[in-house]
Amino acid sequence: MLVLSCATPAYPTFSHTPSRPKSTAIRSSFSYVNPFVPEVAKAADSLCSEFRAVDNLVACNSSRVLKAFQNARVGSHHFAGCTGYGHDEAGGREALDQAFAEIVGAESAIVRSQFFSGTHAITCALFAFLRPGDELLAVAGAPYDTLEEVIGKRDSHGVGSLKDFGVMYRELPLAGDGGLDWDALTSALKPHTKCALIQRSCGYSWRRSLSVKEIGRAIQIIKMQNPNCLVMVDNCYGEFVESIEPPMVGADLIAGSLIKNPGGTIAPCGGYVAGSKRWVDAAAARLSAPGLGIDCGSTPGDIMRAFFQGLFIAPQMVGEAIKGTFLVAEVMASKGYKVQPLPRVPRNDTVQAVQLGSRERLLAFCEAVQRSSPVGSFTKPVAGITPGYASEVIFADGTFIDGSTSELSCDGPLREPYAVFCQGGTHWTQWGLVLGDVLKSL
């Protein structure tokens, strides 16, 4: 196991005076002042062992990504863009799909700019599985808000939800501890249950995110009841948080967004579906059209290079985001706020939730994050109705890529318990600086 030294405090205040010849009268002094408020500095100094463990995880995942790139023989010619139908593409799509599939332990993958969100990719995967008369079973409680109209749980006004196509839906409530209800799951499947949906991250629910080990256990229970029931994992915010991914424990398909974890803060758009080749091909047909396959669609400009580069550095970016969650939890818990996950417990995604208890504090938190952002720091986030969401939502995301929550962002629905959900950060120190403004504002 790789062990990285963390013997000295990471954030000292110090000065350094370099030696000069005696004949030189001028002496220079460089002072480095700790930029963190005391509460943040104290928390950061206390998290040395947690940060070291994250660095070990980054090394493990980076090794897996590097090997996949080498096996796919990634070359600079793969970075070229294409236009029109995309038939003259230089092999970049194939190499990227191959590398991604190996990284997540899947038989096949499709990684495309034409997926414009994680919800879009997940929708293609669900429509690949389900047909009229089938049942979709959500085993981790209510899904993320943006999937409600896809499923038909919330009225989609007849534009083509699963419900509109005759697909039935049912969900298993979570257990009292916020985890899966294992007892209920052992007898949950019905003869017409075609697909079980597992949401890895917490979404906007006040619950624990699921580990890959827990997902594997759930898949075993599902397959014991019906080996033909397909398992779809919403993998958003979970990629590279552990050393294994859901296809390695039996998931039939996973899907997610490239402007979250796997894009490494560099991918400007896109999403992915990975898993069994049969079902990846079916999801691709939903993205494009039956018969077109996966070898079509233009990817103009520099996007392919951004996809490869973002995927390569994604483990490092995810590592920094995980460190940020540790820091947010440590600081906000010390101020008496409820946090999920709790301080210093292992992470299963890159989301840190903080229960603020009032509309005013939720707005103040998000406004402070926006003020501390590199883009749009002069703007004030305003809560409002956003397409796909059931409640008013406020977003703070002063990011270089619109909606790139992996850079650094927070958001939350304006409803009880008024929790803010913090994500991303290109370096954990970014959250350290943001928290100073947050503490002043609350």
Side-chain angles (χ1 to χ4, degrees), residues 35-37 39-40 44 116-119 145-146 201 203-204 236-237 257-271 306 309-310 313-314 316-329 331-332 349-354 356 359-389 391-414 418-442:
F36 301 145
V37 298
E39 297 95 329
V40 174
F116 56 77
S117 69
T119 297
D145 285 32
T146 56
S201 184
Y204 277 163
C236 289
Y237 298 106
S257 169
L258 294 185
I259 60 172
K260 307 291 192 295
N261 298 13
T265 76
I266 292 179
C269 57
Q309 188 174 5
I313 69 169
Q316 177 186 342
M317 294 297 98
V318 170
E320 294 304 320
I322 295 171
K323 291 177 184 178
T325 68
F326 278 122
L327 187 62
V328 171
V331 170
M332 298 307 293
D349 65 6
T350 56
V351 179
Q352 179 62 53
V354 181
L356 297 170
R359 178 187 178 97
E360 292 72 27
R361 280 195 288 270
L362 176 54
L363 294 175
F365 190 108
C366 292
E367 289 169 6
V369 170
Q370 188 68 45
R371 284 195 302 270
S372 300
S373 298
V375 179
S377 61
F378 54 89
T379 63
K380 180 179 180 179
V382 176
I385 299 298
T386 302
Y389 291 85
S391 306
E392 274 191 299
V393 183
I394 184 168
F395 299 90
D397 56 353
T399 56
F400 293 91
I401 295 166
D402 180 33
S404 176
T405 51
S406 58
E407 293 181 48
L408 187 144
S409 68
C410 71
D411 51 85
L414 275 295
Y418 295 101
V420 66
F421 297 83
C422 306
Q423 311 100 12
T426 54
H427 198 271
W428 69 264
T429 54
Q430 195 176 359
W431 272 114
L433 298 173
V434 168
L435 284 166
D437 199 356
V438 166
L439 293 179
K440 293 176 186 175
S441 302
L442 295 179

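Just so it is clear, the structure is predicted and the values come from calculations on it, not from any experiment. Throughout, numbering of the chain's residues begins at 1 and tracks the sequence.
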Quick one: closest heavy-atom pair of [X] and [Y], and the distance?
X: Phe421; Y: Gly412; answer: CD1-CA, 4.3 Å
X: Ser377; Y: Ser373; answer: CB-O, 3.2 Å
X: Ile266; Y: Ile313; answer: CD1-CD1, 3.4 Å
X: Gly398; Y: Pro374; answer: O-CD, 3.4 Å
X: Val420; Y: Cys366; answer: CG2-SG, 4.1 Å

Query raised in the report: Do we see a donor-acceptor contact under 3.5 Å between the side chains of Thr146 and Thr119?
Result: yes

Among all residues two or more places apart in sequence or in another chain, which pass the side-chain contact (heavy atoms from CB on, under 4.5 Å) test with [X]?
X: Leu408; value: Val369, Gln430, Trp431, Val434
X: Thr350; value: Tyr237, Val241, Asn261, Val318, Ala321, Ile322
X: Leu414; value: Arg359, Leu362, Leu363, Ala383, Glu392, Ile394, Tyr418
X: Ala267; value: Leu258, Phe307

State, with a plain yes or no, whether a side-chain heavy atom of [X] is found less than 4.5 Å away from one of [Y].
X: Leu435; Y: Val328; answer: yes
X: Ser406; Y: Gln423; answer: no
X: Ile259; Y: Glu407; answer: no

Query raised in the report: Pairs in or reaching into residues 318-328: which pass salt bridge (Lys or Arg N to Asp or Glu O under 4.0 Å), with residues at least two apart or in two chains?
Result: Asp55-Lys323, Glu320-Lys323

If you round to the nearest 0.5 Å, how far is [atom2] of [Y] from [atom1] of [X]?
X: Lys260; Y: Ser201; atom1: NZ; atom2: OG; value: 10.5 Å
X: Leu433; Y: His427; atom1: CG; atom2: NE2; value: 11.0 Å
X: Phe365; Y: Ser441; atom1: CZ; atom2: OG; value: 9.5 Å
X: Gln370; Y: Ser409; atom1: CD; atom2: OG; value: 10.0 Å
X: Phe116; Y: Ser257; atom1: CZ; atom2: OG; value: 11.5 Å
X: Thr426; Y: Gln316; atom1: OG1; atom2: CD; value: 9.5 Å

**Report entry** Sidechain-backbone polar pair: Thr399 side chain, Ile401 backbone, donor-acceptor under 3.5 Å
**Finding:** yes

Report task. For side-chain contact (heavy atoms from CB on, under 4.5 Å), just list the numbers for Thr405 and Asp397, CA-CA rounded to whole Å, side-chain angles, deciding distance to a tenth of an Å, and then say yes or no. Result -> CA-CA 7 Å; Thr405 51; Asp397 56 353; 5.9 Å; no

Query - Asp145: salt bridge (Lys or Arg N to Asp or Glu O under 4.0 Å) partners, not counting sequence neighbours - result: Arg415

Report task. List the steps, then state whether side-chain contact (heavy atoms from CB on, under 4.5 Å) holds for Met332 with Leu439. Result -> CA-CA 9 Å; Met332 298 307 293; Leu439 293 179; 4.3 Å; yes

